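This report concerns only the one structure given below.
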Amino acid sequence: MIVEGLVNPHIASLICRIRHTNSLVIADAAFPFWPGLETVDIALTRGVPTIPQVLNVLLPMWKCGQIYMAGEFRDHNTAAHQQTFYQVCRGVPISYEPHVDFKLRVPSAIGLIRTGDDTMYGNMILISA
């Protein structure tokens, strides 16, 4: 029985199936359902868990080479809140694009983890290195 680190079996299974250049979406509580895209819903209540909390568990154990976010993230969040997101990304390069372009990337992802986060435009697409 796993007692430390990633203990969610659905997320562990999803992460193990992501290969080089595949993508994974980490989304907020309001992110729409995408038919055909495997979704692991870990939202418990508003704000629990947050996207940074999920990244703090995933990124130390999973090799991420690129992150995509909506450019609107920078326009709708305080500098302090943006810094929280940057820090948990552990130096992985972040590319910003219009939200409409960001959403076009979602269907090609291997899966989606839905959190309870309520950060405006805080959704991320992680590309495996």
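Quantities reported herein were computed from a predicted structural model and do not represent experimental measurements.
A continuous path of hydrophobic side-chain contacts links Leu58 to Ile94 [ILVMFWY only; heavy atoms under 4.5 Å]. Cluster membership for Val106 and Leu24, using ILVMFWY side-chain heavy atoms within less than 4.5 angstrom, is not shared. Under the 4.5 Å side-chain contact rule for hydrophobic residues, Leu112 and Phe73 do not share a cluster. Under the 4.5 Å side-chain contact rule for hydrophobic residues, Ile113 and Val92 share a cluster.
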Scan the side chains in residues 83-90 for donor-acceptor partners under 3.5 Å anywhere in the protein, sequence neighbours excluded, and list what turns up.
unit_1 : atom_1 : unit_2 : atom_2 : d
Thr84  : OG1    : Ala80  : O      : 3.3
Tyr86  : OH     : Gln82  : OE1    : 3.0
Tyr86  : OH     : Tyr96  : OH     : 3.3

Could you pull out all donor-acceptor pairs under 3.5 Å where a side-chain atom in residues 119-129 meets a protein atom, sequence neighbours excluded?
unit_1 : atom_1 : unit_2 : atom_2 : d
Thr119 : OG1    : His81  : NE2    : 2.7
Thr119 : OG1    : Asp117 : OD1    : 2.7
Asn123 : OD1    : Asp28  : N      : 2.7
Ser128 : OG     : Arg19  : O      : 3.4

Give every donor-acceptor pair under 3.5 Å between a side-chain atom in residues 98-105 and any protein atom, sequence neighbours left out.
unit_1 : atom_1 : unit_2 : atom_2 : d
Arg105 : NE     : Glu97  : OE1    : 3.2
Arg105 : NE     : Glu97  : OE2    : 2.7
Arg105 : NH2    : Glu97  : OE1    : 3.2

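To the nearest 0.5 Å, atoms CD1 (Ile11) and CH2 (Trp62) are separated by 12.5 Å. For the atom pair Phe31 CZ and Asp41 CG, the distance stands at 12.5 Å (nearest 0.5 Å). The distance from atom CD of Glu38 to atom CZ of Arg17, rounded to the nearest 0.5 Å, is 4.0 Å.
Side chain of Arg114 to main chain of Ala29: a donor-acceptor pair is present (N/O by atom type, distance under 3.5 Å, no hydrogens or angles). A donor-acceptor pair is defined here as one N or O able to donate and one able to accept, closer than 3.5 Å; such a pair exists between the side chain of Thr39 and the backbone of Leu37.
For the pairing with Ile110, the side-chain contact (heavy atoms from CB on, under 4.5 Å) check across Ile18, Ile15, Val25 returns one residue only, Ile18.
Taking the side chain as every heavy atom from C-beta outward, Leu55 and Thr50 never approach each other to under 4.5 Å. Inter-residue side-chain proximity for Met61 and Leu6 is flagged as met; some heavy-atom pair is nearer than 4.5 Å. The closest side-chain heavy-atom distance from Ile67 to Cys64 is below 4.5 Å. Between Arg74 and Met69 the shortest side-chain heavy-atom distance does not fall below 4.5 Å.
Taking all atoms of both residues into account, the shortest heavy-atom contact from Thr115 to Ile42 is CA-CG1, 4.3 Å. Ser95 and Gln66 make their closest contact through OG-NE2, 2.7 Å (heavy atoms, listed as atom of the first residue, atom of the second, distance). Shortest non-hydrogen contact noted between Pro93 and Gly65 is CD-O, 3.5 Å.
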